[in-house]
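First the structure, in the form of structure tokens, and then the observations on it.
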Amino acid sequence: MLTVNHFILLSAILFCLGAVGVLIRRNPLVMFMSIELMLNAANLAFVAFSRYLNNLDGQIFVFLILTVAAAEVAVGLAIIVAMFRARENVDVDEVNELKG
Amino acid sequence: MLISPELILAIFGMLVLVVDLIGRARTREWLPWVTVLGFVLAFAATLYIWGSNASIFAGMYSVDMFSLFFKLLATIAGTMIVLVSIDYLRGRTTRQGEFFSIFTFSILAMTMMASSASLLMIYLSIEFLSYTSYLLTGFLREDKKSNEAALKYFLYGAITSAVMLYGLSLLYGVSGSLNLTDIATAFANTVDPSVRTVALVAPALVLAGLGFKISLVPFHQWAPDAYEGAPTPVTAFLSVGPKAVGFAILLRVALTTLPIYQASWIPLLAVISIITMTLGNLVALRQTNIKRLLAYSSIAQAGYMLIGLVGVNLTGNSPFSGLNGVLIYLFAYLFTNLGAFICVIAIENATGAVNIADYAGLVRRAPFVAALFIIFFLSLAGIPPTAGFIGKFFVFGAALREGFLTLAAIGVINSIISVFYYFAVIRAAFFLDAKDPSPIRITPLVTAMLTVTAAMVLLIAVYPQPLFNLAAWSMGMFGVVK
Amino acid sequence: MSLLVFYLFAAIAVLAALGMVVLRNPVHSALSLALVFVSLAAMYVLLSAPFIAVAQVMIYAGAILILFVFVIMLLSPGTDQGVGALKAQRGLAILFGAALLVLLIAVLGGAVLPPTRGTFTPEAIAAEGDTQAVGALLFTNFLLPFEITSILLLVAIVGVIVLAKKRQSISKQ
């Protein structure tokens, strides 16, 4: 019997994988991809809850999250591209003009 | 027309873009004034709907006195920042139209955050404010520091907003609705202990996103770099805007949805407050760059404001309800911090200096600015007779009323510590000799803004009654709920 | 039957996510992520949300991922230091991830959902059509978020152009 717990468990696993990815990887692009994984985990949770509560609000939320995430990716990649134009390498460990 | 402020801001945001597009080069001179006109009209619209208490758009958007208070703050902050950024941007970028347009939309996002009463609106408006902030931070795209600031700000913000979103999904799951009031009812009606556990963990995740906007520890790490690298008017905006409306959402969520679990999150917030104040103040002591110093200072200020929420108690007739402390503090902080940053902008426009060492001899080179630095720093430290003192008085008073003696004591100690690093700037300005003693010219617009902010800081201290009334009005809706 | 489908796509999703985190070449990571997106779309179909499934594939796998690959190719074709963190940092991160997972499972495992209060049962959705139902809601109850999202997209477009457009030559002063 497929219950909501199956989906929530999967969502939690994906969320944690994304979190680990953010912490481990140094390339901002891959960090960003890990963040997208975390967002997708949240989306899965929303749709799962939506199904089992017989409520469509979750699906609407996910649809709007998809749109907002697309805009976020555009903005983030623009920032990365702008940074690349000003310097040659894109490595989070190496950007240290601003004193930590 | 309950959403008229938002409509006006949206229209003017697009109007600035259109005017920039079809106008000639000389029209660009008018763009900041078009923006200011938009803010003034939005301010007027907010006053026009003053006193309303309505929940529109199927309960998602709550136009009540609480949100109107923050809309006023937003338009005031917007106007002042646009006026001081005119000169700043002149030599640094040709894309002024886009700057003012994006900035108008960020003020729009602020007004939406103040009124959000649904998880969906909270997420959308926070993301909206975040994107505009990232864009504004990285706006000087040839400046490496600006790029780096934007990148760090962006990565940090995206991570915390993903965490927050996960928390929002859990809140939806255990309550069955996206509206804050429905969630509150759901929490009140269930007795299942497993739901209670989720109801404690999910808001903690949501706090990641809100704490990021307010710059609470441990979600503060983006602030020093973002503040230092961003164009200084944007830094001024970041230090007051997101903080104010971040608190608006935090207050709304905490007091509408979670009063049942108050016993659980108050200790957590108290701990966060202590760590935030202390870390902010201690690290500020070591800073040599004025923008980073003010960044750590505003991190610490968020800690002080949080004390007001910790000491919240909406029953009874005491003048210290904690909530009014936060509102008063935010209002005072708005003028104080903006004033301090406008001083920094004034000096930076003329000399390009942002290091405290370069402020040597300021008393001779720009006596007006040096004198105002004293006023603003006194207010930030909470020393009378300034607005900052009034803010701290009410916040610490609320903590004392609820019995949080240690918290209030730590707050006072931290205020004393902060005097040391503020004084470092004053010392450089007044007691050191300048390498280059030429006088610094301050443009009339900046002088006007400085006068206004300093006047407000002193005025609030001397005649605080209107502010008290304003805060009392704004709290009305919470009184009803509790 | 649906249980089997769930486990199949769940396994694919987890393995692909693991691949994304571990693979050295960013393009390989991006492709793994695409696999995660597609398997999640399959999940959404299982959850009676076919419209969201199609939107997921179109927006995430079709637009966002393409953009990622574009930028990866633009910035660092092939040369990447991969998993660059120190051993200790990596170990700590994995430990943190595992602890977080345990915490989440403990909290969520036994949670009981509130009694269903909605009217959109899977049968009702299938009868009316998911797209129709979502569309109707978007233009009635959720009108404000919908319009705000459109403004948000406008601002994003303007901002991206400002940041990423190639430098203008002289005359735009």
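Every chain is numbered from 1 and lettered A, B, ... according to where its sequence line falls, protein lines coming before strand lines. What you are looking at is a predicted structure, and each value in this text was computed from that prediction instead of being measured.
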Closest non-hydrogen atoms of Leu124(B) and Pro145(C), given as atom of the first, atom of the second and distance, are CD1-CB, 3.5 Å

Give, as side chain, backbone, both or neither, the part of Tyr166(B) having an atom under 4.5 angstrom from any heavy atom of chain C. side chain

Working to the nearest 0.5 angstrom, can you tell me the gap between Leu144(C) CG and Ser125(B) OG? 9.5 Å

Could you tell me if the side chain of Val155(C) sits less than 4.5 Å from the side chain of Tyr131(B), heavy atoms only? no

Can you tell me which of Thr132(B), Leu135(B), Leu140(B) forms the most heavy-atom pairs within a distance under 4.5 Å of chain C? Leu135(B)

Check whether Leu17(B) gets within reach of chain C through its side chain, its backbone, both or neither, counting any heavy atom under 4.5 Å. side chain

Residue part contacting chain C, namely of Leu170(B), when any heavy atom lies under 4.5 Å: side chain

State, yes or no, whether a side-chain contact exists between Met121(B) and Ile148(C) at a heavy-atom distance under 4.5 Å. yes

Sub-4.5 Å side-chain heavy-atom contact between Val158(C) and Phe105(B): no

Selection from Asn147(B), Leu120(B), Leu136(B) maximising heavy-atom pairs under 4.5 Å formed with chain C: Leu120(B)

Check whether any side-chain heavy atom of Phe128(B) sits under 4.5 Å from a side-chain heavy atom of Ile151(C), and report yes or no. yes

For Ile161(C) versus Arg141(B), what's the shortest heavy-atom pair and its separation? O-NH1, 4.5 Å

So, the part of Leu103(C) with a heavy atom under 4.5 Å from chain B: the answer is neither

